[in-house]
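Some notes on the structure that comes next.
As a basis for the values below, the full set of heavy atoms in this structure was taken, side chains included, without hydrogen atoms, waters or symmetry mates.
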Amino acid sequence: MASSSGEGKGNPAGALYLQYAASYGTGVYDDRQWWPWLVPTLLGACVVVFAVEMYENDCPRHGSTLGGGATCVAGFLRRFSFQPLRENPLLGPSSATLEKMGALNWAKVAYQHQGWRLISCMWLHAGLIHLVINMLSLLFIGIRLEQQFGFVRIGIIYLLSGFGGSVLSALFLRNHNISVGASGALFGLLGSMLSEIFMNWTIYSNKAAAIITLLSIIVINLAIGILPHADNFAHVGGFVTGFLFGFVLLARPQFGWMERNELPETNQPPKYKTYQYVLWGAALLLLLVGYVVSLAMLFKGKNGNDVCHWCRYLNCLPTSRWKCT
C-alpha cells in the first residue's frame with residue numbers, strides 16, 4: 001500500500017514468491033486442486049478501478065497542483081494521461097483524485113464517519129507502476145494458494161487482511177497523508193502461507209527450506225516498506241491478520257485421515273491434531289480482540305503515534321539520503 005501526501009511508492013510484496021514455490025507443498029499430503037478464478041477476478045477489478053481513477057482524474061482538464069505549466073505525462077491518452085512526474089512519479093492520478101475516490105484518510109474515518117474508506121482504499125492504486133507490481137505479486141502468491149485451498153478461504157483472507165492493514169494504517173496515518181493499495185491484502189496472503197506451514201507441520205517433508213525461503217521474502221518486503229512513501233503499517237497489519245487467519249482457515253487433516261464415506265468402517269485418527277485445535281482457538285481469539293480494540297481506538301479518534309512514539313520508525317526510517325514526513 002502506498003502512503004502519500006502527493007505521491008506514493010508501492011511495495012513488491014511477494015515478488016520473490018517463485019523461489020518459495022519449490023519448497024511449498026513438498027509434504028506427503030496431496031490436497032485436491034481448485035480452479036483459480038477469484039485471483040484473476042480481483043486483478044481485473046483492480047485494473048478497472050485504476051482506469052476509472054484515470055478517467056476521473058482527467059489531467060488535461062484539471063491540470064497539476066504544481067502549477068508552472070507542468071504538463072501531463074502520455075498526453076496522447078487524453079483524459080487518461082498521467083499527472084506530471086514531479087507530482088506522481090508512479091504514473092497515476094493526483095492525490096485529490098485518490099482522496100475523492102476513497103483513499104484512506106485518518107481524519108475522515110475517525111471524525112467524518114467515513115469508515116468505508118477502510119475498504120475502498122484496497123482497490124485504489126497510486127499509479128500504473130504501483131498497480132503492475134501489486135498485480136504481479138497477486139498472481140504469484142494468490143494463484144497457487146487458491147488452487148490448494150479454494151476461493152472461499154483465500155478470498156476471506158485477502159479481504160480481511162486488507163481490512164486489517166487499513167485499520168492499522170489509519171491508526172498511524174499522519175493527518176495530511178493518504179494511503180491506497182492492495183499491499184496489505186497481499187501481505188496477508190504471505191502471512192497465511194507462513195502460518196499454514198506451522199499449522200500443518202507434520203505433513204511437510206522440507207520444513208526448514210520452506211520456512212527460511214518464505215521468511216526471507218517477508219523480511220525483504222517489510223524492509224522495503226521503511227522507505228519513504230510506502231505504508232508499512234498497512235503491510236504489517238495485513239501480514240499479522242493473514243498470519244492469524246492462516247491458523248483459522250488453512251488447517252489440513254492429518255496424514256492418514258480420510259472421509260468417512262471412503263472408509264465407512266475403518267478406524268482412523270482424528271481429522272485434526274490437538275495442537276491444530278489449540279492454534280485455531282488462540283488465533284481466533286487474537287483476531288477478535290485485535291479487531292475490537294483497534295476499531296474502538298480508531299473511531300474514538302485515537303492516533304497510534306500518540307500511544308507509540310517509536311512506531312513511526314516501522315513505517316519510515318530517516319537517513320541522510322531522505323526525510324520522513
Side-chain angles (χ1 to χ4, degrees), residues 13-14 17-18 20-39 41-42 137-165 182-215 217-218 221 235-259 269-291:
Y17 171 70
L18 289 177
Y20 176 65
S23 301
Y24 188 76
T26 55
V28 294
Y29 184 86
D30 184 22
D31 200 4
R32 59 178 170 171
Q33 297 287 304
W34 302 73
W35 177 259
W37 64 267
L38 176 65
V39 168
T41 301
L42 293 172
S137 301
L138 176 60
L139 286 176
F140 290 144
I141 302 170
I143 290 291
R144 186 173 181 86
L145 282 174
E146 187 179 353
Q147 285 176 332
Q148 293 200 346
F149 296 102
F151 71 93
V152 174
R153 287 182 282 182
I154 298 308
I156 291 173
I157 292 173
Y158 180 88
L159 293 174
L160 292 183
S161 295
F163 180 74
S183 299
L186 295 174
F187 268 91
L189 294 181
L190 278 175
S192 69
M193 291 167 66
L194 181 61
S195 57
E196 191 270 331
I197 296 176
F198 293 119
M199 190 63 165
N200 305 306
W201 186 259
T202 59
I203 68 174
Y204 278 91
S205 60
N206 198 4
K207 304 176 182 68
I211 291 177
I212 292 173
T213 305
L214 184 54
L215 283 177
I217 296 171
I218 294 167
N221 282 281
H235 302 165
V236 173
F239 174 79
V240 172
T241 304
F243 181 75
L244 293 175
F245 267 113
F247 290 117
V248 175
L249 296 176
L250 302 186
R252 298 177 187 265
Q254 64 173 304
F255 182 71
W257 182 89
M258 299 186 69
E259 295 285 352
K271 186 173 183 178
Y272 299 109
K273 290 183 174 292
T274 302
Y275 81 89
Q276 290 177 302
Y277 286 110
V278 172
L279 290 173
W280 181 89
L284 184 60
L285 179 62
L286 288 173
L287 280 168
L288 292 175
V289 172
Y291 273 128

Run the numbers on Leu186 and Tyr158 for side chain to side chain contact (heavy atoms under 4.5 Å, CB included), then give the verdict.
CA-CA 7 Å; Leu186 295 174; Tyr158 180 88; 4.3 Å; yes
Testing the 3.5 Å rule here: is there a donor-acceptor pair between the side chains of Gln148 and Arg252?
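Short answer, yes.
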Do [X] and [Y] make a side-chain contact, defined as non-hydrogen atoms from C-beta onward lying under 4.5 Å apart?
X: Phe163; Y: Thr241; value: no
X: Leu189; Y: Leu138; value: yes
X: Leu284; Y: Phe247; value: no

For [Y], does its backbone N or O pair with a side-chain atom of [X] as donor and acceptor, under 3.5 Å?
X: Glu196; Y: Ala251; result: no
X: Tyr275; Y: Trp201; result: yes
X: Gln147; Y: Trp35; result: no
X: Trp280; Y: Val248; result: yes

Separation of [Y] [atom2] from [X] [atom1] (nearest 0.5 Å):
X: Thr213; Y: Asn206; atom1: OG1; atom2: CG; result: 8.5 Å
X: Ile157; Y: Leu190; atom1: CD1; atom2: CG; result: 11.5 Å
X: Phe245; Y: Leu286; atom1: CZ; atom2: CG; result: 11.5 Å

In terms of ring plane angle, is the pair Phe187 and His235 parallel, tilted or perpendicular, where the classes change at 30° and 60°?
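Judged by the thresholds at 30° and 60°, the geometry between Phe187 and His235 is parallel.
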Quick one: closest heavy-atom pair of [X] and [Y], and the distance?
X: Pro36; Y: Ile143; value: CB-CD1, 4.0 Å
X: Leu145; Y: Ser192; value: CD1-OG, 4.1 Å
X: Gln276; Y: Asn200; value: NE2-OD1, 3.3 Å
X: Ile217; Y: Asn221; value: O-ND2, 2.7 Å
X: Leu214; Y: Met193; value: CD2-C, 3.6 Å
X: Ile197; Y: Ala210; value: CD1-CB, 3.8 Å

Distance flag, aromatic centroids of Trp34 and Phe151, threshold under 6.0 Å
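Distance test on ring centres: not under 6.0 Å, no.
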List the steps, then state whether side chain to side chain contact (heavy atoms under 4.5 Å, CB included) holds for Ile211 with Phe198.
CA-CA 9 Å; Ile211 291 177; Phe198 293 119; 3.9 Å; yes
Walk me through it: do Ser195 and Leu244 pass the test side chain to side chain contact (heavy atoms under 4.5 Å, CB included)?
CA-CA 7 Å; Ser195 57; Leu244 293 175; over 6 Å; no
Dump the intermediate steps for side chain to side chain contact (heavy atoms under 4.5 Å, CB included) on Met199 and Leu250, then the final yes or no.
CA-CA 8 Å; Met199 190 63 165; Leu250 302 186; over 6 Å; no
